[in-house]
Amino acid sequence: MLADDLAFAIAAALKVAELPSPPSGIEIVPTRNREHGDWQTNTALILAKIVGAPPQDVAAAVVAALKAAPPAHVERIEIAGPGFINFFLAPTWLHDVLRAVVATGPNFGHGDAYAGMRINLEFVSANPTGPLHAGGGRWVAVGDAIANLLAAQSAEVHREYYLNDAGTQLDVFAESLMARYRGEAPPENGYHGGYLVEMAATMRSELGDEVDETLAAAWGYRVVVDALRDDLARIGVHFDTWFSERTLHERGDVAAVLDELRAAGHTFEQDGAEWLASESLGDQRNRVLVRTNGTTTYLTNDLAYHRDKLRRGWDHLIDIWGADHHGQVKSLQVGMRALGIGTDEVPEPEVILGQLVKLERGGELVRLSKRAGNIITLADILDDVDPDVARLTFLLQSIDTTLTFDLDVVTSQSMENPVYYVQYAHARVASIARRAAAAGITRVPLADVDLSVLVHERELDLLRSLAEYPEMLRGAAELRAPHRVTTWVREFASRLHGFYRDCRVMTDDADLTQARLWLAESVRIGLAGALGILGVGAPDVMERLATDEEVDE
RNA sequence: GCGCUCGUAGCUCAACGGAUAGAGCAUCUGAUUACGGAUCAGAAGGUUGGGGGUUCGAUUCCCUCCGAGCGCACCA
C-alpha cells in the first residue's frame, strides 16, 4: 500500500540526508484537510528535537532527498505549518486502492496485528436467573463486533459465556420460582418479575403438581438458559462455549486455587473468614475468599474460572463488563497475579469496561431491575425492530459513554435509524449491478479497464475512504472500539449517496461505465465488509417505505 | 469520604498528541424528465465544564476545582 511506499521513501531520504531514523511517534497518514495534500508526515517535527535543528530545516533536507527519488504517484511535496511534509498525489494512487480492494475481496482491510494470538473473549454472561434485559443488548452487539475485529486482525477468537450457576443468586431464583409455583409472592429479596409467573405455570403443566425445590431449580435453570440462547440466536450471536461455574466446583478447581493462594502466602484469616491479601498487591482493599459459612466467594470462583481458560489454551483473556462491575477488575487481576499469572509471557486478564445503557420511553427514564420485575427484555426490543437496527443502535457510540436507548425512537421511528442509511447505500450499489446486468452490460476484467477516467471528486472520496479502511480497522481492533467502524461506514455511505447523485454509472461512455461499475463493486465490498464486522446485514434490496398516502388507504 | 468513567454546537454524538474541532437531528434556504428521493447541496450554530501545567503543537497527556454516572458486601 501507499503508506508503505511513503515510509520506505522517507526512510531512504533520511539516510541520504544523513539524519537518524526517527523513534516512535512519527506518522505517515492521510491528511484531514485537502489543502494540505493527500498524505502528510510529521517526521521533521519529531526529528527536529533529536538533532537540535529547526523543523523547517530538517523538513527541507528530507524533501530535497525525496525529490531526488520521488515515490510513486507523488506529484508535489510541500513543507507547511510548523514543519509538516505534505504529499500531493496523482489520482492514480487511488486507482491502485480500487484494484487492491477488488483483488482482496471480502477480506479487504484485514490485517495480521494479532496473528498467532489465541483470544478468549467472554461477554454478556448475564446470570441465568431470567431473560436478557434490553440494556444487556449492548454487550451482545459490542462483544460480537469486537470478536469480529480481533478475528479480522488474524487472531483466533473464542466467544464464551460464563454461567454463574453455583451461587446464591440461583438459589434465590429457585425459591422465587417455587413461590410462584405455589401461588405465593416471591421472598422479599427474590425475583419479582412476571416472567416467573409464566414459568411457574409452564412448569406445572410440564412437571405436574409434585415439584420440589431441587427439581424446580434444575428445570428453571434449563429453561432460562435455553431462553438466553434463543434471544442471542435471534440477534445472530453464537457462543462457542457456555461455561458452567458448577464445573469448577465439581472438578475441585476452586479448592485447588485456594490451596495455591495459601501456599503462596497471599491469604489470612480474620473474623472467621479467609481473605486474599489483595490490598498489598494493589487492590483497594482485601477481599474475602472463603466466607464464615465455608463457601467461596465470586472472586475465588472467578479466579479458578480464568485460570481454566488459560489451561484450555487461550493465551489472551478478555472480559467485557458493565461499568457497574469496575470495582472487581483490580481484584481479578491482582488475584491472578497472586497465582503467578500476569507475567511478561502471560498477560493478566484484560477487562473492557462499558458504560451502562439508559432506557428512555417518551423522554422518561425507565428504571430496570430484574428483581423488582419491571424489566424490558432484549426479546421485547427484537419483537419491535429488526436485529440490524438493534445492533447498530448499540454500536453507534463509544462504550465509554452512557448510551441512551430511546424505545420510542428506536421502535416507532425506527426509519430514522442510521442503519437504513447505510443499508440503502449497499442496496443502491447492488441495484446498479442489477440494472447493468439487465441492460446486458457486463464488467470486463479489471485488468482491461482504464481506471484513469475516475477523477471526479465523488469518485476519489469513495476511494479515499477505502484507502483508510485498513488502518481504521486496525485501530478499532486495538482500541476495542467497534463504534469507529460504525462512524467510518456512515461516512462511506454518505459518500456513496453523494456519488450516486452526481455521477451516473451507466452512460454512453463505455470506458467510464466500466470504470464506474468496478468502482461500485469496490464500494460494495467495503460496505459489506464493514457491516459484516458490525454484525449488520448488507441487503441487496430494501423494502420500499410505505408513503403517507399508502398508509392512509 | 475513597475509587473508576465521563463532561465537545440547542439535542445525540465523532475526532492515531497535529494544521481552520466534524457529523446527524432540530432550524432556515435550495435540488429530482436518468441507475431506488429511505437521497443530495447550502446557511446558521463552539472560549471542547473552569483554571493551571507539559509540548513546536492539547478536545486528547498531567495537576486542581466544579458537575454527572457507577462502584466502595462474607451478592454476583
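In what follows, every chain begins at residue 1, and chains take the letters A, B, ... in the order their sequences are listed.
- Only the C1' atoms considered, B/C40 is 15 Å distant from B/G24, to the nearest whole Å.
- Residue A/N42 is classed as a base contact, given a heavy-atom separation below 4.0 Å to a base.
- For the segment residues 292-303 of chain A, residues with any heavy atom less than 4.0 angstrom from an atom of RNA chain B are, sorted by number, A/T292, A/Y298.
- Here the separation of B/A21 from B/U64, taken at their C1' atoms, is 25 Å to the nearest Å.
- Residues satisfying the salt bridge (charged side-chain N to carboxylate O under 4.0 Å, His left out) criterion with A/E478, sequence neighbours excluded, are A/R474.
- Taking only side-chain atoms of A/L356, from C-beta outward, the nucleotide of B/C70, B/G37, B/A76 with the closest atom is B/C70.
- In this structure, A/H36 contributes its side chain and A/T31 its backbone to no donor-acceptor pair below 3.5 Å.
- Of all the heavy atoms in A/A530 and A/V489, the pair that sits closest is CB-CG2, 3.7 Å.
- Of all nucleotides listed (B/U39, B/A19, B/C35), B/A19 comes nearest to the side chain of A/Q40.
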How does RNA chain B look in dot-bracket notation if pairs are Watson-Crick or G-U with both distances under 3.5 Å, crossing ones as [ ], other-strand ones as |? (((((((..((((....[...)))).(((((.......))))).....(((((..]....))))))))))))....

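- Between A/D461 and A/R464 a salt bridge is recorded (basic side-chain N to carboxylate O distance below 4.0 Å).
- Nucleotides B/A19 and B/C13 are separated by 24 Å at their C1' atoms, to the nearest Å.
- The ring pair (Phe, Tyr, Trp, His ring centres under 6.0 Å) check on A/F492 picks up A/W488, with sequence neighbours excluded.
- Between B/A15 and A/H483, a contact under 4.0 Å exists linking OP1 or OP2 to a side-chain N or O.
- Within 4.0 Å (heavy atoms only), A/E478 reaches no atom of the nucleic acid at all.
- Using a 4.0 Å heavy-atom distance criterion, A/R458 is classed as a sugar-phosphate-only contact.
- By the side chain to side chain donor-acceptor pair (under 3.5 Å) test, A/R428 is found to be paired with A/Y424, A/H497, residues two or more places apart in sequence or in another chain being considered.
- An OP1 or OP2 oxygen of B/C40 is reached within less than 4.0 angstrom by a side-chain nitrogen or oxygen of A/Y421.
- One can place CG of A/D165 at 13 Å from P of B/A76, the figure rounded to the nearest angstrom.
- Residue contacts shown for A/D502 are absent, as no nucleic acid heavy atom lies under 4.0 Å away.
- Heavy atoms of A/N86 sit under 4.0 angstrom from at least one base atom.
- Picking from B/C74, B/A14, B/G18 the nucleotide with the shortest atom distance to the side chain of A/A273 gives B/C74.
- Residue A/Q397 has a polar side-chain atom (N or O) positioned under 4.0 Å from OP1 or OP2 of B/C13.
- Counting only N and O atoms by type, the side chains of A/T507 and A/D509 include no donor and acceptor under 3.5 Å apart.
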Any protein N or O atoms within reach of nucleotides 1-5 of chain B? Criterion: under 3.5 Å, listing atom names and distances.
unit_1: B/G3; atom_1: N2; unit_2: A/H326; atom_2: NE2; d: 2.5
unit_1: B/U5; atom_1: O2'; unit_2: A/Q355; atom_2: NE2; d: 3.0

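- A/Q56 meets the side chain to side chain donor-acceptor pair (under 3.5 Å) test with no other residue; sequence neighbours excluded.
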Can you pull every protein N or O that's under 3.5 Å from an N or O on nucleotides 42-44 of chain B?
none

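- Inter-residue side-chain proximity for A/E245 and A/L163 is flagged as unmet; no heavy-atom pair is nearer than 4.5 Å.
- The same atom, P, is picked in B/A26 and in B/U20; the two are 32 Å apart, to the nearest Å.
- Using a 4.0 Å heavy-atom distance criterion, A/V329 is classed as making no nucleic acid contact.
- Within 4.0 Å of A/A80, counting heavy atoms only, lies at least one base atom of the nucleic acid.
- Separating the C1' atom of B/C62 from that of B/U55 is a span of 12 Å, rounded to the nearest Å.
- When the nucleotides B/C35, B/A76, B/C56 are ranked by their closest atom to the side chain of A/T168, B/A76 comes out on top.
- A distance of about 41 Å separates the C1' atoms of B/A58 and B/A76, rounded to the whole Å.
- Atoms CZ and CD, on A/F88 and A/E78 in that order, are 4.0 Å from each other to the nearest 0.5 Å.
- For B/G37, one of the phosphate oxygens OP1 or OP2 lies less than 4.0 angstrom from a side-chain nitrogen or oxygen of A/R428.
- Positionally, the nearest nucleotide of RNA chain B for A/V541 lies more toward the 5' end than for the other of A/V288 and A/V541.
- Comparing B/C65 with B/G3, their P atoms sit 11 Å apart, to the nearest whole Å.
- Scanning for ring pair (Phe, Tyr, Trp, His ring centres under 6.0 Å) contacts around A/F123 gives A/F239, with sequence neighbours left out.
- For the pair A/R246 and A/Y221, the cation sits on the ring face: its NZ or CZ lies under 6.0 Å from the ring centre, inside 45° of the axis.
- The distance from atom CG of A/L479 to atom C1' of B/U60 is 12 Å, rounded to the nearest whole Å.
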Using residues 516-528 of chain A as the side-chain source, report each donor-acceptor pair under 3.5 Å to any protein atom, sequence neighbours left out, with the distance given to one decimal.
unit_1: A/R516; atom_1: NE; unit_2: A/E459; atom_2: OE2; d: 2.5
unit_1: A/R516; atom_1: NH1; unit_2: A/R504; atom_2: O; d: 2.7
unit_1: A/R516; atom_1: NH2; unit_2: A/E459; atom_2: OE2; d: 3.0
unit_1: A/W518; atom_1: NE1; unit_2: A/V444; atom_2: O; d: 2.9
unit_1: A/E521; atom_1: OE1; unit_2: A/R524; atom_2: NE; d: 3.1
unit_1: A/E521; atom_1: OE2; unit_2: A/R524; atom_2: NH2; d: 3.0
unit_1: A/S522; atom_1: OG; unit_2: A/L519; atom_2: O; d: 2.7

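- Considering only the side chain of A/V505, B/C35 comes nearest among B/C35, B/C74, B/G18.
- One distance of note links CG of A/L89 with CD1 of A/I77; it measures 9.0 Å at 0.5 Å rounding.
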Under 3.5 Å, which protein N or O atoms sit close to an N or O of nucleotides 20-23 of chain B? Give each pair with its distance.
unit_1: B/U20; atom_1: O4; unit_2: A/E35; atom_2: OE1; d: 2.6

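- The closest side-chain heavy-atom distance from A/P349 to A/M336 is below 4.5 Å.
- Residue contacts for A/R435: at a heavy-atom cut-off of 4.0 Å it reaches the sugar-phosphate backbone alone, with no base atom in range.
- Aromatic stacking of A/F84 on B/G18: not satisfied for centres closer than 5.5 Å together with planes under 30 degrees.
- The closest side-chain donor-acceptor pair between A/Q169 and A/N164, if any, does not fall under 3.5 angstrom.
- In this structure, A/W39 and A/I28 approach most closely via the heavy-atom pair CZ3-O, 3.4 Å.
- B/A15 and B/U29 have their C1' atoms separated by 29 Å, given to the nearest Å.
- Note on A/T507: nothing from the nucleic acid sits closer than 4.0 angstrom, heavy atoms only.
- In this structure, A/P55 reaches neither bases nor backbone, as no heavy-atom distance under 4.0 Å exists between it and the strands shown.
- Side-chain proximity of A/T487 to B/C74, B/U32, B/A14: nearest is B/A14.
- Residues meeting the ring pair (Phe, Tyr, Trp, His ring centres under 6.0 Å) test with A/Y162, sequence neighbours left out: A/Y305.
- Note that OG1 of A/T404 and CD of A/Q397 are 7.0 Å apart. Values are rounded to the nearest 0.5 Å.
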